[in-house]
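From a predicted model like this one, the values you see are computed outputs, not experimental measurements.
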Amino acid sequence: MKEIVLNRNKNGMLMLLLIILMGLASVAGMIFGGILIERIGNPILFIVSIVVLIVTCILPAGLKVLKPQEALVLTLFGRYVGTLKGAGFYFVNPFCTAVNPAAKTKLNQSGDVKANSVLQTNATGNVEIEMVNKKISLKIMTLNNNRQKINDCLGNPVEIGIAVMWRVVDTAKAVFEVDNYKEYLSLQCDSALRNIVRLYPYDVAPNVDTTGDGLADDGSLRGSSDVVASRIRDEIQQRVDEAGIEIIEARITYLAYATEIAAVMLQRQQASAIIDARKMIVDGAVGMVEMALERLNENALVTLDEERKAAMVSNLLVVLCGNHDAQPIVNTGSLY
């Protein structure tokens, strides 16, 4: 379906003035041709005036007002005739019907606000009548779907949420190629998110290929969020091209382990942090012991045999690597 933009229909003000003149002329013709028929009589004028009045009542249905970044898809007796785009006051065939199958669809996104409603009171009580807006917004909107629980490439369940910035670029495709372009976009976002997330581990893991080149890499959901978001955007764009939708950007808004394994993974992260800290402490302590022995040898302050060096190294490592302050013991006797 190819989009047809109606650019030559911005003559709504001229038609409005013409409709007003036709209405006044039909009323005047009915007065002179009907009410005064007994004196001057002109039934032909009266009938013509009634026909003109009926036409005048039908023509206002063809007046359309659009604000900036709005579009209106029109059909005439089921046939697509074109799309009104851009701000302006338009006049089209009054029998044209606006089509927007997603007009009543409310997603968790910007631009989806409650439609205007009118309250009418009757014998049974208040009845709310919803006024559906058939105009299609061409603005950039943000879709924020619900968080999903997905298994990463290691089988660990993670909860992830994304925000997708999108807009309609082809109104004909959006209306006629898919049943409901908003629901279609939402479902494709969930599907693309699941397909991409299952290729990555939550954190960096060995022997994992996330790019598909057969080589292990350091890709992860937590450390490569920009790369993951870019792949999600490309995946969604491939799926929604046929719906006339452009994906501007996709961003990860929430990422965490699922609740059933969050506590275990926290303990794992704490253990990894403790091991890294201990390794750093030991490396520093060994360096300090080496420096102390070298300084003692250089200055020839004390001559130590291998056994005493081993005892000194052991004592220094205990002092430097211990969790608590060491209690000094003063040896007042002989070294040997």
Side-chain angles (χ1 to χ4, degrees), residues 1-7 66-75 78-87 97-112 133-148 150 153 160-200 210-213 219 221 224-255:
M1 180 67 70
K2 185 178 179 180
E3 183 182 55
I4 303 173
V5 181
L6 304 177
N7 293 323
L66 293 182
K67 293 180 288 187
Q69 295 297 320
E70 285 186 344
L72 200 63
V73 178
L74 302 175
T75 60
R79 182 177 61 87
Y80 172 63
V81 294
T83 300
L84 301 179
K85 274 189 175 181
T97 305
V99 180
N100 184 5
K104 294 184 179 181
T105 303
K106 299 293 183 291
L107 300 177
N108 188 18
Q109 65 178 19
S110 61
D112 272 344
N133 187 4
K134 293 296 184 69
K135 297 176 183 177
I136 298 176
S137 176
L138 303 179
K139 302 176 183 177
I140 297 176
M141 293 190 288
T142 302
L143 172 64
N144 189 11
N145 273 359
N146 295 329
R147 298 172 185 172
Q148 291 193 71
I150 307 171
C153 68
I160 185 170
I162 60 170
V164 178
M165 277 63 76
W166 66 281
R167 64 183 174 187
V168 176
V169 293
D170 192 316
T171 57
K173 289 184 177 180
V175 172
F176 299 111
E177 295 294 338
V178 294
D179 183 58
N180 187 317
Y181 66 89
K182 289 184 180 180
E183 292 181 353
Y184 181 80
L185 173 64
S186 178
L187 292 175
Q188 296 303 326
C189 287
D190 291 344
S191 177
L193 177 63
R194 187 173 297 276
N195 288 341
I196 298 300
V197 169
R198 65 181 179 83
L199 301 177
Y200 288 84
T210 61
T211 59
D213 57 0
L221 296 175
S224 308
S225 58
D226 291 339
V227 177
V228 175
S230 178
R231 293 187 66 177
I232 293 173
R233 179 215 168 273
D234 295 339
E235 181 82 7
I236 299 174
Q237 184 63 68
Q238 293 178 2
R239 296 169 178 264
V240 300
D241 276 338
E242 58 188 8
I245 296 175
E246 178 187 4
I247 305 300
I248 308 297
E249 188 180 13
R251 287 293 177 185
I252 297 176
T253 58
Y254 180 84
L255 178 64

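- Residues R167 and I140 share a closest heavy-atom pair of CD-CG1, 3.9 Å.
- Partners of Y80 by ring-ring contact (aromatic ring centres under 6.0 Å, His included), not counting sequence neighbours, listed by chain and number: F176.
- The two residues S224 and G219 make their nearest non-hydrogen contact at OG-CA, 3.6 Å.
- One N or O on the side chain of R233 and one on the backbone of I247 form a donor-acceptor pair closer than 3.5 Å.
- L72 CG to K85 NZ: the interatomic distance, rounded to the nearest 0.5 Å, is 12.5 Å.
- Rounding to the nearest 0.5 angstrom, the gap separating the CD atom in E70 from the CG atom in L138 is 8.0 Å.
- V175 places none of its side-chain heavy atoms less than 4.5 Å from the side chain of T83.
- Here the CG-CD1 distance, from L84 to I136, works out to 11.0 Å after rounding to the nearest 0.5 Å.
- Under the 4.0 Å criterion applied to side-chain N and carboxylate O atoms, R239 and D234 are not assigned as salt-bridge partners.
- Inter-residue side-chain proximity for Y184 and E177 is flagged as unmet; no heavy-atom pair is nearer than 4.5 Å.
- Here the NZ-CG distance, from K104 to N180, works out to 12.0 Å after rounding to the nearest 0.5 Å.
- Side-chain contact between I236 and W166 is absent, with no heavy-atom pair separated by less than 4.5 Å.
- E3 contributes a side-chain N or O that, together with a main-chain N or O of T171, makes up a donor-acceptor pair within less than 3.5 Å.
- Inter-residue side-chain proximity for L193 and Q188 is flagged as unmet; no heavy-atom pair is nearer than 4.5 Å.
- Side chain of T210 to main chain of Y200: no donor-acceptor pair is present (N/O by atom type, distance under 3.5 Å, no hydrogens or angles).
- In this structure, CZ in R147 is found 10.5 Å from CG in L255, a value given to the nearest 0.5 Å.
- Checking side-chain atoms of Q237 against main-chain N and O of I245 turns up a donor-acceptor pair under 3.5 Å.
- Across all non-hydrogen atoms, the minimal contact from A163 to T253 is CB-CG2, 3.6 Å.
- Nearest heavy-atom pair, K134 versus N100, reported as atom, atom and distance to 0.1 Å: O-CB, 3.2 Å.
- Partners of N195 by side-chain hydrogen bond (donor to acceptor under 3.5 Å, both in side chains), not counting sequence neighbours: none found.
- Screening I162, L221, I252 for a side-chain contact (heavy atoms from CB on, under 4.5 Å) involving V197 leaves a single residue, L221.
- The shortest non-hydrogen separation linking A87 to P68 is CB-N, 3.7 Å.
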List the steps, then state whether side-chain contact (heavy atoms from CB on, under 4.5 Å) holds for D226 with R251. CA-CA 8 Å; D226 291 339; R251 287 293 177 185; 3.0 Å; yes
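- By the 4.5 Å heavy-atom criterion applied to side chains, C189 and L143 are counted as neighbours.
- Contact detail for G86 and L66: the closest heavy-atom pair is O-CB, 3.5 Å.
- From I150, atom CD1 reaches atom CG of D190 across 8.0 Å, with rounding to the nearest 0.5 Å.
- Put simply, the side chain of E235 never gets that close to the backbone of A192: no donor and acceptor are under 3.5 Å apart.
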